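Naming: A, B, ... by sequence-line order, numbering from 1 per chain. All of these numbers come straight from a predicted model, not from anything done at the bench.
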Amino acid sequence: MHDTPDDVAAPAAGSRGDGGQPATSSYDFATAEPRWQRAWAERGCFLAEDVPAGDRPKYYVLEMFPYPSGRIHMGHVRNYTLGDVVARYKRARGYAVLHPMGWDAFGLPAENAARERGTHPARWTWDNIATMRGELQRMGLSIDWSREFATCDPAYYGQQQRLFLDLLAAGLVERREAWVNWDPVDRTVLANEQVIDGRGWRSGALVEKKSLSQWFFRITRFAPELLAALDGMDRWPERVRTMQARWIGRSEGARLAFALASPEAGIECVEVYTTRPDTLYGMSFLALAPEHPLAAAVAARDPAAAAFVAECRRLGTSEAVIETAEKRGYDTGLRVRHPFIEGATYPVWIANFVLMEYGTGAIFGCPAHDQRDLDFARACGLDVRPVVLPPGADAATYAIGSEAYDGPGTAFNSGFLDGLDQAAAKSAAIARLVALGIGEGVENWRLRDWGVSRQRYWGCPIPVIHCDACGIVPVPDADLPVRLPDDVTFDRPGNPLDHHPTWKHVACPRCGAAARRETDTFDTFVDSSWYFARFCSPHSARPLDRAAVDHWLPVDQYIGGIEHAILHLLYARFFTRAMQATGHVQVAEPFAGLFTQGMVTHESYRAADGAWLYPSEVDRRPDGTAARRSDGAPVTVGRVEAMSKSKRNTVDPGAIIGRYGADTARWFILSDNPPERDMEWTEAGVAGAWRFVQRVHRLAAGDVGPVPPPPSWGSVAMELRRATHRTIAAVTEALDGFAFNVAVARLHELANAIGAADRAAAETGGAEPGGADLRWARREAVDMLARLAAPMMPHLAEEVHARLHPGTDALLAEAPWPEADPALVAVASVTVAVQVMGKLRATIELPVGADSATAFAAAEAEPNVARALADRRVVKRIHVPDRIVNYVLAA
RNA sequence: GCCCGCCUGGCGGAAUGGUAGACGCAGCGGACUUAAAAUCCGCGGCCCAUGGCGUGGGGGUUCGAGUCCCCCGGCGGGCACCA
């Protein structure tokens with residue numbers, strides 16, 4: 001049987017030593033939580049101003065906004081709890097906090113729902129939003145709901161259209177014919193980043209190549225800045241910065257033209273990009289991508305070449321990735337001249353490992369110093385000629401085996417480059433190429449422009465009109481937003497906007513002739529590339545209000561999943577720079593601090609027939625086995641892994657909150673481990689959090705109202721006060737460092753200290769008559785427990801606060817963060833470890849700041865220490881005040 | 001293959017180069033109870049125990065290493081023919 005809160009009986013009365021006050025019954029979160037949520041809402045505790053009048057410093061906390069898929073999941077609970085702790089804590093620390101919420105509401109699932117169930121995407125989306133808003137509100141998040149928006153609202157996407165037209169006018173958008181990744185299942189174009197292992201990131205279908213006219217954001221224009229700025233982003237995780245740097249992929253090298261010994265179909269030379277111009281003397285072949293124009297020219301007259309090219313294309317996206325592609329090639333019979341060696345020529349091959357998309361689609365092969373070239377040379381019987389001599393190697397005998405050498409060294413066998421180190425050889429080679437007029441030093445980027453056209457209905461319409469006479473015409477500002485039509489059908493594949501009988505037919509705004517609307521919509525990553533800025537002035541009639549964004553941006557703390565390390569975060573960074581260039585914002589970078597949370601995991605369960613079972617369908621037995629609840633059939637307990645619908649190892653946040661309350665769910669999700677790591681959701685863990693919530697409630701039961709300060713303090717009261725103030729300091733430090741699990745541990749300790757004081761009080765009654773000092777100290781301790789726990793369990797904290805401060809209507813949500821009294825944090829004496837040769841022999845109690853003479857005397861008085869030192873010569877004595885004493889003995 | 005991270009009791013984890021294992025979970029013992037639940041208290045790394053060994057393994061720096069350096073292993077993640 002599973003316990004529910006309702007089954008839990010009231011705790012025993014008189015458990016405290018303060019006169020036998022009966023404790024109250026267990027905490028009724030079900031009425032308390034909504035009550036405090038209403039109180040916060042009525043007082044507008046969490047409302048921010050677009051441009052605040054006061055002089056409080058600003059703090060913008062943002063969690064990645066959710067896609068309204070239907071219900072919230074535990075990943076959301078973790079994400080939004082983390083953000084809420086930060087928001088509530090910073091608010092208490094005196095910041096004016098902006099903590100908004102919205103909906104990433106465009107996207108394919110809404111259209112899939114329309115196709116599968118006949119629900120209109122808008123209806124489906126808005127229903128989901130309503131459900132999920134309710135679930136988030138039950139979590140008690142300190143969100144400014146007056147700023148809420150959904151990206152599928154014309155009020156939002158209309159402004160996005162304005163931004164787009166500004167970017168278009170600024171030359172940051174381009175339309176061009178491009179080979180695109182076509183997802184045949186979703187029937188849409190995918191960005192390179194959305195193709196994973198040759199498959200669509202959402203559908204999993206094998207991606208095909210297709211040529212279409214597309215809109216592109218010119219993200220490559222900002223590649224240098226996007227890369228350089230990563231260095232200064234010290235509040236981003238190192239690995240995210242590394243991933244982005246690699247994605248942007250700057251390299252330095254040379255671009256040079258190889259002259260063909262005899263022209264082919266009018267082509268006289270082949271351009272090559274290389275990062276190793278210093279190894280040109282080691283060349284043994286030139287290789288072309290199968291899609292290279294020269295390869296096509298050869299294929300046009302050579303059926304065998306054509307067959308090889310066709311085979312590469314077939315293997316291209318699919319099997320080449322699955323198999324560990326073997327290097328293969330086709331000798332075209334053509335030859336190119338070496339740029340430096342008079343009269344030398346090399347064969348031109350078509351090779352399956354050369355990519356048309358990177359560099360120039362052709363390479364020169366230097367097998368000795370590039371592993372891929374070496375593999376290819378060995379497979380095709382080509383020369384291997386070393387031209388870089390590793391330090392210490394002998395030029396006469398140095399040879400390449402099965403591994404290419406790409407380390408540092410000195411050029412040899414290299415004509416005018418001989419004896420130069422790598423850097424010098426590179427510049428000398430480039431200088432010669434320039435002098436010969438056949439090449440130059442260049443930098444190259446891996447980053448591609450961002451194609452944003454999607455052949456979908458449920459997205460933001462791209463606000464342009466195609467006119468046969470005028471070409472591409474922006475939709476005039478007065479005609480914005482370009483709204484999606486409601487009356488669409490999903491009974492055939494492709495884009496419903498294109499099928500719509502009237503929507504796309506409009507008059508050209510410029511010449512008035514019949515023209516067509518663009519029927520493509522934006523990639524939904526566009527929607528999420530500026531939403532954080534819109535939150536600053538969500539109701540503005542322009543995309544952004546300069547005063548508001550200048551005040552609030554950048555986001556001080558952004559929190560979300562690592563899965564967005566490249567796509568979303570890079571697009572948002574680009575968009576911010578684009579908005580800066582068009583005068584919409586002042587800042588260049590959107591997110592000053594980034595925190596990436598770990599996943600929520602759970603055991604998975606399988607019945608004998610192999611079917612996955614939900615945790616709620618399974619009973620865990622004390623002996624570690626598991627059984628299906630419905631019939632007791634045995635269940636196999638599987639791996640602990642990320643919660644997913646397919647494995648059914650999900651736990652419904654709504655059910656947890658309904659059963660235990662939001663505070664318990666929040667407390668558990670924070671308590672078990674550091675937030676950047678994966679956490680395992682367990683029933684036992686929730687139950688533990690539930691017990692602590694109840695315990696805090698019990699500690700605040702009974703007579704806890706205001707008491708006059710006592711004239712003096714007994715030792716029990718003083719000890720409790722010290723524990724309280726140490727906790728204030730420790731929890732503050734933990735929250736500053738995102739160590740929420742440590743903050744939880746420190747609060748457990750304070751609760752333990754209150755319990756210990758209660759027991760001591762039962763014995764001594766305190767120093768003051770009637771235990772006035774203890775009553776005061778205890779009340780302080782409970783007060784601080786509630787205030788320090790408030791960012792994490794806000795409802796119960798309010799409940800306790802209200803009980804401690806009867807008659808006040810001040811809310812804890814508006815109260816300042818407590819400050820530790822340094823005099824109480826400081827301790828009078830410390831336990832100092834005594835080591836002999838680094839091994840612990842004793843501990844001694846010393847006054848704080850005791851000098852070395854005192855420390856050594858006390859240490860040597862310890863029998864264990866004296867014994868260890870007996871008959872040995874002490875070479876050195878070390879004393880680190882308040883820390884340690886160590887004796888070094890002669891060998 | 002390359003890059004990044006991680007490895008501490010039965011489990012999650014804590015620990016400015018200074019007493020390793022805070023705090024919690026699970027466990028065991030006790031109190032309370034007619035009984036159970038709940039609650040409260042206590043115990044808890046390992047061993048040949050006045051001592052010895054212990055933070056994946058091996059080496060190093062240091063008076064002192066979970067922490068710093070080098071090598072190796074394992075696990076996880078990211079990128080992947082980027083010329």
Q) Which nucleotide, in any strand shown, forms a Watson-Crick or G-U wobble pair with B/rC75, with both distances under 3.5 Å? A) B/rG5
**Q.** Most 5' of A/R446 and A/V354 on RNA chain B, judged by nearest nucleotide
**A.** A/R446
Q: Please name all residues satisfying side chain to side chain donor-acceptor pair (under 3.5 Å) with A/R867, sequence neighbours left out, ordered by chain then number.
A: A/N864
(Q) Going by side chain to side chain donor-acceptor pair (under 3.5 Å), name the residues that satisfy it together with A/R276, two or more places apart in sequence or in a different chain. (A) A/D278
Q. Is A/R446 atom CZ crowded by more than 12 heavy atoms from other residues, nucleotides or ligands, each under 6.0 Å away?
A. yes
Q: Give none if B/rA37 has no partner; otherwise give the nucleotide forming a Watson-Crick or G-U wobble pair with it, both distances under 3.5 Å.
A: none
Q.
Please report the distance separating the C1' of B/rA20 from the corresponding atom of B/rG29, rounded so that it comes out in whole Å.
A. 26 Å
Q: Rounded to the nearest angstrom, tell me the gap between atom CG in A/D882 and atom C1' in B/rU19.
A: 14 Å
Q. Looking for any heavy atom pair under 4.0 Å, which part of the strands does A/Q835 touch: base, sugar-phosphate only, or nothing?
A. base
Q: Could you work out the separation of B/rC75 and B/rC69 based on their P atoms and round it to a whole Å?
A: 24 Å
Q) B/rG1 and B/rU55: how far apart are their C1' atoms, nearest whole angstrom? A) 32 Å
Q: Write down the distance separating the C1' atoms in B/rU16 and B/rG76, rounded off to the nearest Å.
A: 29 Å
Q) Which whole number of Å gives the distance between the P atom of B/rC79 and that of B/rG56? A) 29 Å
Q) Any sub-3.5 Å donor-acceptor pair from A/R241's side-chain atoms to A/L230's backbone N or O? A) yes
Q: Kindly point out which of B/rC40, B/rU39, B/rC63 is positioned nearest to the side chain of A/K876?
A: B/rC63
Q) Does A/Y358 make a side-chain N or O approach to OP1 or OP2 of B/rA83 shorter than 4.0 Å? A) yes
Q: Using the P atom as the reference point in each nucleotide, state the distance between B/rG24 and B/rC40 in Å, no decimals.
A: 11 Å
(Q) If we count only N and O atoms by modelled type, under 3.5 Å, do the side chains of A/N444 and A/Y358 hold a donor and an acceptor together? (A) yes
Q.
Under the criterion salt bridge (Lys or Arg N to Asp or Glu O under 4.0 Å), I'd like the reasoning laid out for A/R877 against A/E860: C-alpha separation, chi angles, the key distance, then a yes or no.
A. CA-CA 11 Å; A/R877 299 189 303 183; A/E860 284 153 34; 3.1 Å; yes
Q. At under 4.0 Å between heavy atoms, what does A/T275 touch on the DNA or RNA strands: base, sugar-phosphate, or nothing?
A. sugar-phosphate
(Q) Rounded to whole Å, please give me the gap between CG in A/L670 and C1' in B/rC25. (A) 17 Å
Q | Proximity to the side chain of A/T831 - top-ranked nucleotide from B/rC4, B/rC81, B/rU19 | A | B/rU19
Q: Could you tell me how the ring of A/H564 sits relative to the ring of A/H568: parallel (under 30°), tilted (30 to 60°) or perpendicular (over 60°)?
A: perpendicular
**Q.** Gap between atoms CD1 and C1', on A/I669 and B/rG24 respectively (whole Å)
**A.** 16 Å
Q. Across all strands, who's sitting opposite B/rC23 as a Watson-Crick or G-U wobble pair, both distances under 3.5 Å?
A. B/rG12
If you restrict it to nitrogen or oxygen atoms, what contacts under 3.5 Å exist between nucleotides 50-54 of chain B and the protein, and what is each distance?
from   : atom 1 : to     : atom 2 : distance (Å)
B/rG52 : OP1    : A/R841 : NH2    : 3.2
B/rG52 : OP2    : A/R841 : NH1    : 3.1

Q: In whole angstrom, give the distance that lies between atom OH of A/Y273 and atom C1' of B/rA83.
A: 8 Å
Q: Check A/W690, A/F692, A/Y660, A/W681 against A/F668 for a ring-ring contact (aromatic ring centres under 6.0 Å, His included) and give me the one that passes.
A: A/W681
(Q) What is the distance, to the nearest angstrom, from the CG atom on A/D373 to the C1' atom on B/rC81? (A) 10 Å
Q | Pair A/Y346 and A/F364, ring centroids less than 6.0 Å apart | A | no
Q. Starting at NE2 of A/H879 and ending at P of B/rC63, how long is that distance when rounded to a whole Å?
A. 18 Å
Q. Between A/R246 and B/rA80, is there a side-chain N or O to OP1/OP2 distance below 4.0 Å?
A. no
Q. Is B/rG9 syn or is it anti, if syn means the base angle is within 90 degrees of 0?
A. syn
Polar pairs (N or O, both sides) under 3.5 Å between protein and nucleotides 14-17 of chain B?
from   : atom 1 : to     : atom 2 : distance (Å)
B/rA14 : OP1    : A/N741 : ND2    : 3.4
B/rU16 : O4     : A/R883 : NE     : 3.0
B/rU16 : O4     : A/R883 : NH2    : 3.0

Q: Answer yes or no: does a side-chain N or O of A/N752 lie under 4.0 Å from OP1 or OP2 of B/rG24?
A: yes
Q.
Roughly how many Å apart are B/rC28 and B/rG18, using the P atom of each and rounding to a whole number?
A. 37 Å
Q | Carboxylate-amine/guanidinium proximity below 4.0 Å for A/E749 and A/R726 | A | no
Q: Hunt down the Watson-Crick or G-U wobble partner of B/rU61, both distances under 3.5 Å, from any strand shown, or write none.
A: none
Q) Rounding to a whole Å, what distance do you find between A/H369:NE2 and B/rC81:P? A) 23 Å
Q: Please state how far atom CG in A/D672 lies from atom P in B/rG13, giving the value in whole angstrom units.
A: 8 Å
(Q) Just to verify, what does A/Y281 make a side chain to side chain donor-acceptor pair (under 3.5 Å) with, not counting sequence neighbours? (A) none
Q.
Using atom C1' in both nucleotides, what's the gap between B/rG45 and B/rG21 to the nearest angstrom?
A. 8 Å
Q) Does B/rG66 have a Watson-Crick or wobble mate here (both distances under 3.5 Å), and if so which one? A) none
Q. Taking syn as any angle within 90 degrees of 0 and anti as the rest, which one fits B/rA49?
A. syn
Q) For A/E271, which residues count as a salt bridge (Lys or Arg N to Asp or Glu O under 4.0 Å) partner, sequence neighbours excluded? A) A/R255
Q. Between A/Y887 and A/N444, who's closer to the 5' end of RNA chain B by nearest nucleotide?
A. A/Y887
